[in-house]
Amino acid sequence: MALTGGMFASGHKTPRLGIDLAGGTSITLKAKADQGSAINKANMDTAVDIMNRRVNGLGVSEAEVQTQGNDHIIVNIPKGTNSKEAQQQVGTTAKLYFRPVLASEPTGSAAQSPSPSASSSGSGSPSPSSSASSKEKASSSSSGSPTPTATATSQGRAVTDALKADATPSSSGSPSATSSPSPSASSSGSAEATKLQAQYAALDCSKPAQRAKAGTNAKPGEATVACGEVNKVWYKYVLGPAAVDGTEVKKAAAVFDTQGASGWQVQMTFTSSGSKKFADITAELAKNQSPQNEFGIVLDGEVVSSPFVQTAISGGQAEISGRFTQQEAQSLANMLSYGALPLSFQEETVTTVTAALGGDQLHAGLLAGAIGLALVVIYLIAYYRGLSIVAMASLLISGILTYVIMALLGPAIHFALNLPAVCGAIVAIGITADSFIVYFERIRDEIREGRTLRPAVERAWPRARRTILVSDFVSFLAAAVLFIVTVGKVQGFAFTLGLTTVLDVVVVFFFTKPLMTLLARRKFFADGHKWSGLDPKSLGAQPPLRRTRRPAGPAAGSADPKEA
């Protein structure tokens, strides 16, 4: 009753359905060996694990991520979840980089409008360096003052100066360095700067076609152009060489600042090597004016965030704050945590899966389950007669508990019912029926030995209990092993099988046995009516054992009458 009340109180009255029953989105990704990593099983398995964690981090229930062949990954996202955002994050499968921002400005119609006022709200999107809106801040603490803002005139000079400085970038990725050219820099530094300046001037990030080509095939050690969106306005960026790789972010999490006024923020922890690199680049950026005191977090060629740096950040930990919503902070944390993949991937196909085929299969499966259940009931009635009432009532209670728990597990652990899970529930009918049969046969054995029903019920229970526990333990162990060693939909079958096995023990101990004890006091069963299934005559019961008195012998010392 408590579980049923909880189901109605939570508002989740039906189990959540998987992609094969409710429909959803299926994405096919092809691996490309263009980042210096080989396409092998180890790298593919690593990519699957990262994508799986990335999608699950968005709260997508039963998202299935698995390899297909040697170089493909299939991502199935059920309908009714954050499938659109999951598709965007799964599709952005390139490596994650931290690049210094050399210049940035709005594009399209926003470039002609005046800068917004300081009251404009910031977001988890990249902050525009040419506006006066409050920006995200990367720091080792949550305190700090707003960054200075460049005027339109100084902004134009900053673009030119940054491009000239970037012609011979340093290995650390500092935008202000002009010595120690990187290995990827060409001898004609001015020509490269001129080319990059032309790309930046011609780039209009408000146009999807240009956004798709911005920064294409950019190498980590080279400067590049990129696009990013903030407050529904697209900005273009000039970014220096990558200073920190995404693989050097150990973990990232979205947390709420309860002691300060920054609200939601993203906390990052770097590896030992990443900590040193991040400290070096932030020390250089802190010396510069806006926008060259910012670093861009670049995922798949797009700037997802560009916090500014006020002071050097050391110690391997940093926070990004800037009026994030919870969803924006969680999205950025997911990108930082799961954005670095060992391979790059190309999105080949995105298809919408309808539930028509799954619905037909579900209908066929439920029909088969109904037929099987009907055959079990017919057998119980024909063989156990009155005892079939106990069995059918126990099956009904077990079914109700299974349904209610599945409905509650949907919002609790994102459990989704798929076709294999339905098969597991159908198989559980046989497991539950086995427990009743064991108990009934033990009772019949006691009656065959000449006992009446009430003592037979109590004496049969310990023997039946041991057998039921051993049988259910073996079934649960098999389900647990299957759940651990398999992936995808097979886990749904194993989970349902294990769940129904546990419920079988609960129902037998707390419903079947007490119900049988109560029925043993009823005259219909206690007297062994021929339709009760416990008729001693039809069971071949032996006559009850009675103790007989031995005849008394002659008294001691008495004389034989003949002798007398």
Side-chain angles (χ1 to χ4, degrees), residues 18-20 23-58 60-79 81-97 208-222 224-228 242 245-247 249 297-304 331 334-354 357-358 418 486-491:
I19 188 172
D20 51 358
T25 304
S26 180
I27 306 171
T28 302
L29 303 172
K30 183 178 181 180
K32 298 188 298 180
D34 58 355
Q35 299 190 90
S37 299
I39 300 177
N40 51 37
K41 186 177 185 302
N43 286 335
M44 291 292 288
D45 290 343
T46 301
V48 167
D49 181 61
I50 292 175
M51 288 185 187
N52 190 39
R53 286 183 293 157
R54 181 190 297 178
V55 175
N56 289 334
L58 298 171
V60 176
S61 64
E62 211 222 5
E64 181 181 339
V65 183
Q66 60 184 2
T67 58
Q68 185 180 69
N70 297 325
D71 58 352
H72 284 80
I73 290 180
I74 307 297
V75 182
N76 292 325
I77 305 171
K79 183 180 179 181
T81 58
N82 297 332
S83 57
K84 184 176 180 180
E85 185 178 359
Q87 178 182 343
Q88 294 174 351
Q89 291 206 15
V90 169
T92 55
T93 53
K95 277 193 173 183
L96 185 75
Y97 296 105
Q210 294 195 31
R211 289 201 304 266
K213 296 180 180 179
T216 303
N217 298 324
K219 297 181 179 179
E222 297 178 352
T224 183
V225 294
C227 296
D245 193 285
T247 56
V249 178
I297 302 174
V298 186
L299 182 64
D300 199 22
E302 180 181 331
V303 179
V304 297
S331 178
N334 285 339
M335 291 179 183
L336 293 171
S337 297
Y338 315 131
L341 296 175
L343 299 166
S344 64
F345 290 85
Q346 178 183 358
E347 191 176 88
E348 284 195 339
T349 60
V350 178
T351 58
T352 300
V353 180
T354 64
L357 179 60
N418 55 18
T486 58
V487 295
K489 297 180 180 179
V490 181
Q491 286 185 327

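Being a predicted model, the structure only gives us computed values, none of them experimental.
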Testing the basics here: between [X] and [Y], what is the closest heavy-atom pair and its distance to 0.1 Å?
X	Y	answer
I74	Q68	CD1-OE1, 3.6 Å
H72	T28	CD2-CG2, 3.8 Å
F345	K32	C-CE, 4.4 Å
E347	L29	CA-CD2, 3.7 Å
E302	C227	CG-O, 3.4 Å
I39	A31	CD1-O, 3.7 Å

Could you give me the CA-CA distance, side-chain angles and deciding distance for E222 and K219, then say whether side-chain contact (heavy atoms from CB on, under 4.5 Å) is met?
-> CA-CA 5 Å; E222 297 178 352; K219 297 181 179 179; 3.9 Å; yes
Separation between NZ of K41 and OG1 of T67, rounded to the nearest 0.5 Å =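 Between atom NZ of K41 and atom OG1 of T67 there are 7.5 Å.
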From CG (D71) to CG (N40), nearest 0.5 Å |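 Result: 12.0 Å between the selected atoms.
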Using a 4.5 Å cut-off on heavy atoms from C-beta on, say whether the side chain of L96 contacts that of I297.
->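 With C-beta onward as the side chain, the pair touches.
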Verdict with supporting geometry, I73 and M44, side-chain contact (heavy atoms from CB on, under 4.5 Å) | CA-CA 8 Å; I73 290 180; M44 291 292 288; 3.7 Å; yes
